[in-house]
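This report concerns only the one structure given below.
Note that the numbering runs from 1 along the sequence shown for the chain. Quick note: numbers below take in every heavy atom, side chains included, and nothing from hydrogens, waters or symmetry partners.
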Amino acid sequence: MKKMVFAFVVAIISFKVAAQHGNTYIADSYFNRSEYANAADAYLEVMDKSQRKDKNYIYKQLADSYYNMPDAPKANEWYAKVIAKKQDAETYYHYAEMLKVEGKYEEANKQMKQFVKMSPKDPRAIAFKENPDYLTKLNNIVKIFDLKRLDFNSDKSDFGAFLSSDNMLYFASARNTSRKIYGWNNEPFLDLYAAVYNANGTFSEPVLVDNINSKYHDGPATISADGNTMYFASESFKKRLFHRNKVKKIKQGQVNLFKAIKIDGKWGDIKPLPFNSKDYSTSNPSLSKDGKTLYFSSNMPGSVGGVDIWRVTLNEDGTYGKPQNLGKTINTKGNESFPFVTDDHKLFFASNGHQGFGGLDVYCVDLVGKMKVSNLGKPVNSAKDDFAFSFNKAKNIGFVSSNRDGSDNIYSVIPLVVSENTIPEATETDWKEAKEPEKPILLVENSDLVKKEAAIGVDGLVQGIRLPTKAMLNQSDDANGIRTTASESIGAVKKEDAIVASNTDNAHTAVTGENANHTIAVGAKALDDIYFDFDKSVINEVAAKELDKLVRIMNENPEMVVMVKSHTDSRGKQGYNLKLSVQRAEATVQYVISKGISQERIYGEGYGESLPKVNCQDDCTFWKHLQNRRSEFIIVKK
């Protein structure tokens, strides 16, 4: 039920030897082998025969067994008995997790408060103290996707869908009833399946992937852009990597990563990755579009918590770099897994360590801009386990796995695009009194590019609103095909007069035209200003396009040195605004450096709210505030 590969990894990395109490030897043996379904049955069987002093031990073992399966109602039943006596901090955290899965948020918060009391310096405790009303904020996240349960799901676990460039949907499934039963959840071992994604949006009947599946767990997988290389998860037993426990008479293995090559249309040449180990797991791979970076989950040394997100460079000569942990912004004391990286460097992943609705939730972080983790909200996330998010930009369809209906199923993810008549028309009064919109609106516009941009904004980044042209920051014919006219008319706005904006958080950054006549002189501006979303330092898509122009200018003028001056609007405290402006300057500089410009040629400073572009003080409209949230570019050496 619980993403078997993910749970299998967690079990191994948190492997604990249950002390044997009286007649619990058989149950403890199951528990130590991570066969939690069998362990729970065995503990229940000896419950009445156990002495009073053993009962609380059995309660704890039962609660942890159901937590790992997971079975929230039964876990909560036994955790309620367990906490009659004082427990370790993690037990209260696990209890809170299971209560959230059942939607019992008030009771979950009580357990979290106990966890905070016992472990106040834990990042999860700090996050809870700083944002105890997190659920209200999560429920207010704007809906940007529709979900649909796919017809090919079985009555067993199906998860980890990935749509390749040749229209094959790969996923892991326990539907093969001819396989050995896995004691973790009493389902067959996993196999890797594939189904054809048809032009009409339907799927063919899934079939086993030839030459990949073994007698062990296999899947999920990721496929290269050219369709010829596969990275997939399997077990370390394939290469005889395991620890032999002579006392328990068991072999303790790991989940490992393997690479396969398509030869004459068939998968083969399977090889383990060099950083696999019998001492830790490597699993749930995701390959970048350029094929140069592999993201995966692991509990290898250097992990922040249980399972973390890692990445490794794939060198042109076929060798591998040293795996790198993605750090504490993404990874927590909990578990982070199922990474997926989009073409524009957005990382989606599942976590039970960040604040969420319950169980695993799906989160997104921009790996290029400010590393701020965002919950995707409903309906992608629920009180249950939601994980394994992926998105195919070319087909404008994504996939997510969830056990919200009882077992792990795969759902399609469709970005929302609202109809034309739901876009509000702005009047001159609206323009003068405009404030932050309560709910951003996806743009619908004539241009094929805009429709495409709105459709592929998988993290909700492409947003828009119809405005009178007088409200626009710039009027020009944009090089990217989005036309904004210089008309002075006020009233109902035509679609071709709309502004494209970025970021869900009520921010609307105007698309500007190509500035072909930059003055290359010391003290002159090297580029039009770029604008930031409220309380953000992320370089959004519109700003990135403008910064790409700066990169071209600096490449054409190799001696040029540029200073970035970043600012905020007047909302917030001065100290906070100064810090935010510094972060905006750093994000701007780092973006340019990431495009190949030497760090000696660009630097930045933050000025907070001290140098507004529009000095509106306490009489600022939304659009005036926007113009103050900017980075400017001054040539200091030509």
Donor-acceptor under 3.5 Å ([X] side chain, [Y] main chain):
X	Y	value
N403	D385	yes
D146	I414	no
S165	A225	yes
N109	E106	no
D71	Y66	no
D218	L192	no
N213	V209	yes
H217	L190	yes
H354	V362	no

So which atom in [X] and which in [Y] form the shortest heavy-atom distance, rounded to 0.1 Å?
X	Y	result
S401	I410	OG-CG1, 4.1 Å
S297	V307	CB-CG1, 3.6 Å
P285	T222	O-CB, 3.5 Å
A260	W267	O-CZ3, 3.7 Å
Y105	A383	OH-CB, 3.8 Å
R311	T293	CB-CG2, 4.0 Å

So, taking the atom named [atom1] in [X] and the one named [atom2] in [Y], what distance separates them when rounded to the nearest 0.5 Å?
X	Y	atom1	atom2	result
N352	T332	CG	OG1	6.5 Å
K395	N167	NZ	CG	4.0 Å
K104	M98	NZ	CE	12.0 Å
D269	M230	CG	CE	13.0 Å
Y193	F152	OH	CZ	12.0 Å
N131	K137	CG	NZ	4.0 Å

Do [X] and [Y] have side chains that approach each other closer than 4.5 Å (heavy atoms only, starting at C-beta)?
X	Y	result
D64	F31	yes
L273	N256	no
V380	D386	no
P339	F348	no
F349	L347	yes
L294	L287	yes
F387	N284	no
Q355	F128	yes

Does the side-chain contact (heavy atoms from CB on, under 4.5 Å) test come out yes or no for V413 and L147, once each step is laid out? CA-CA 5 Å; V413 175; L147 262 62; 4.1 Å; yes

- request: Could you walk me through whether Y363 and E336 pass side-chain hydrogen bond (donor to acceptor under 3.5 Å, both in side chains), step by step?
  value: CA-CA 10 Å; Y363 298 83; E336 283 70 43; over 6 Å; no

- Message: Is it the case that the side chains of Q61 and Y43 hold a donor-acceptor pair, with the cut-off being a distance below 3.5 Å and no angle test?
- Response: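 Yes, because at least one side-chain N or O of Y43 sits under 3.5 Å from a partner of the opposite role on Q61.
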
Legend entry - Trace of the side-chain contact (heavy atoms from CB on, under 4.5 Å) decision for D366 with K346: CA-CA 5 Å; D366 189 339; K346 304 293 190 305; 3.7 Å; yes

Taking only residues two or more places apart in sequence, or in another chain, which ones meet [X] in a side-chain contact (heavy atoms from CB on, under 4.5 Å)?
X	value
D405	R149, N409, Y411
K378	N139, F357
A42	A27, Y30

Item to complete: Could you check whether the rings of F338 and F159 sit parallel, tilted or perpendicular, using 30° and 60° as the cut-offs?
Response: perpendicular

### Message
Would you call the rings of Y197 and F203 parallel, tilted or perpendicular, taking 30° and 60° as the class edges?
### Response
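Judged by the thresholds at 30° and 60°, the geometry between Y197 and F203 is tilted.
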
[X] atom [atom1]: more than 12 heavy-atom contacts under 6.0 Å:
X	atom1	value
D151	CG	no
N200	CG	yes
K289	NZ	no

Check step by step if side-chain contact (heavy atoms from CB on, under 4.5 Å) holds for T313 and Y320. CA-CA 6 Å; T313 299; Y320 296 78; over 6 Å; no

Salt-bridge test for [X] and [Y]: reply yes if a basic N is under 4.0 Å from a carboxylate O, no otherwise.
X	Y	value
K100	D361	no
R175	D158	yes
K333	E90	no

### Query
For Y231 and L257, what are the C-alpha separation, side-chain angles and deciding distance, and is it a side-chain contact (heavy atoms from CB on, under 4.5 Å)?
CA-CA 7 Å; Y231 292 90; L257 290 175; 5.7 Å; no

Q | Given N392, L163, I397, the one that forms side-chain contact (heavy atoms from CB on, under 4.5 Å) with L169 | A |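 The single option meeting the side-chain contact (heavy atoms from CB on, under 4.5 Å) with L169 is L163.
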
